[in-house]
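FYI, the numbering just counts along the sequence from 1.
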Amino acid sequence: MSKDLQNNLNRIKHYSNNKDIKIFNFPHLNNIKSYNHFFSCYTKNLGVIINNSFSYTKNIHQWIHNKIKKNNININSSAKNFLLINSPINISLFSNLIENIIFLYPNTIITLNILYNYFKKIQIFDYYDWIKSIVVTNKIHALKILLKLKKQKYDFNILINAYKTLIYIILLYKKKFFIPNNYKNFIIYKKKIMQLSLFSLIKKNNIKIILLALKILKKIELCVHHNQIEIIWMHLKTLSIILD
């Protein structure tokens, strides 16, 4: 736990009373069980709810199940699974989607095809679309997709990790790098990114450009730590266009 976070928790003690509930979200804890004792000791008498990514996803899934049941939405299993798998990425987007489905398709069996057609109409993008445009060095398209993702309120952490994976793949092929043991997102994004034709990108970009990309990624980490959202998106714009 950083010193800043410790100081903030200590400061909150002065504002705590029985009528307040303090909620902290720690979405990137790898094993919540191993931290339970620490948090319970450190935040004792603060009235804190500790939430991690597992419980976050579980709550969203419960909300979707309740929404479908409450509104008597007739939805097949493949369409429902699509919502459950993808909704944690952008809960506000999928919340609007379900509301629109209720309005647009009364007394209709909601299929995966209906969901795909909905997404096609509103031009929903994800990290793969952005990475793909970078790989084919279509810089204008990459910037346009990034702007769309920002408007969608897409999770920039996913974009950061996907881009970092792309850079690590390039370095691996250049035999200049070993994946850090603590970077566990590599497996998540590698398989899909490796489906793209990376040969030209690997060949054209020298170590100097790659190191610049890594430097920008490091700056983004600091911005995430300080919650500097606009600066994060500004750096992502730079990453969209620096590779040749």
Side-chain angles (χ1 to χ4, degrees), residues 21-33 47-133 141-142 144-163 165 184-185 187-193 195-196 224 227 229 232-233 236:
I21 300 175
K22 310 296 186 300
I23 302 176
F24 297 93
N25 182 28
F26 294 90
H28 301 300
L29 295 180
N30 295 322
N31 186 354
I32 189 65
K33 290 182 180 179
V48 178
I49 298 173
I50 304 296
N51 185 22
N52 70 335
S53 58
F54 175 76
S55 58
Y56 169 73
T57 301
K58 188 177 179 181
N59 289 340
I60 291 173
H61 287 184
Q62 185 64 42
W63 178 84
I64 290 172
H65 285 299
N66 291 341
K67 194 76 173 176
I68 289 170
K69 185 177 180 180
K70 184 178 179 181
N71 291 278
N72 295 317
I73 302 173
N74 194 350
I75 184 169
N76 67 20
S77 58
S78 58
K80 188 175 182 180
N81 287 335
F82 176 83
L83 291 175
L84 295 174
I85 292 169
N86 292 284
S87 57
I89 297 171
N90 191 334
I91 182 60
S92 61
L93 175 70
F94 281 84
S95 173
N96 289 332
L97 180 145
I98 293 174
E99 295 291 347
N100 288 337
I101 284 173
I102 295 169
F103 177 74
L104 294 171
Y105 300 101
N107 305 317
T108 303
I109 298 175
I110 306 302
T111 63
L112 194 58
N113 191 49
I114 288 175
L115 294 184
Y116 279 150
N117 287 334
Y118 177 89
F119 275 87
K120 189 175 179 181
K121 287 177 184 177
I122 61 176
Q123 287 188 297
I124 298 300
F125 296 104
D126 63 14
Y127 79 88
Y128 185 74
D129 299 298
W130 182 57
I131 294 294
K132 184 178 179 180
S133 64
H141 191 54
K144 285 182 178 179
I145 290 175
L146 187 69
L147 180 60
K148 288 278 187 179
L149 290 168
K150 185 180 179 183
K151 288 181 178 178
Q152 287 173 208
K153 297 182 179 178
Y154 194 80
D155 187 347
F156 52 75
N157 289 297
I158 295 174
L159 300 179
I160 295 165
N161 288 323
Y163 195 96
T165 301
K184 298 181 179 180
N185 290 310
I187 299 172
I188 298 172
Y189 301 99
K190 178 188 173 184
K191 185 176 179 180
K192 198 166 184 180
I193 292 174
Q195 294 173 5
L196 298 168
V224 171
N227 200 33
I229 308 301
I232 292 169
W233 287 101
L236 288 173

Taking the side chain as every heavy atom from C-beta outward, state whether Trp233 and Phe156 have any pair of such atoms under 4.5 Å apart. yes

Taken in chain and number order and not counting sequence neighbours, the residues that satisfy side-chain contact (heavy atoms from CB on, under 4.5 Å) with Lys67 are Trp63, Asn71, Ile98, Glu99, Ile102

What's the shortest heavy-atom distance between Ile193 and Ala162, and which atoms? CD1-O, 3.4 Å

Give, for atom CG of Asn76 and atom CG of Leu115, the distance between the pair rounded to the nearest 0.5 Å. 8.5 Å

At what distance, to the nearest 0.5 angstrom, does CD1 of Ile73 lie from CD1 of Ile109? 13.5 Å

What distance do Asp129 atom CG and His141 atom NE2 have between them, rounded to the nearest 0.5 Å? 7.0 Å

If we only count heavy atoms from C-beta on, is the Thr108 to Ile114 side-chain gap below 4.5 Å? yes

Tell me which donor-acceptor pairs under 3.5 Å the side chains of residues 144-151 have, and how far apart each pair is, sequence neighbours excluded?
from	atom 1	to	atom 2	distance (Å)
Lys150	NZ	Glu230	OE1	2.9

Is there side-chain contact between Ile110 and Lys80, with heavy atoms separated by less than 4.5 Å? no

Do Asn81 side-chain atoms and Ser78 backbone N/O form a donor-acceptor pair below 3.5 Å? no

What's the separation between atom CG in Leu159 and atom CG in Asp126, rounded to the nearest 0.5 Å? 9.0 Å

I need the Ile160 CD1 to Leu236 CG distance, nearest 0.5 Å. 5.5 Å

Taking the side chain as everything from C-beta on, heavy atoms only, tell me whether Tyr127 gets closer than 4.5 Å to Tyr189. yes

How long is the gap from OH on Tyr154 to CZ on Phe125, to the nearest 0.5 Å? 12.0 Å

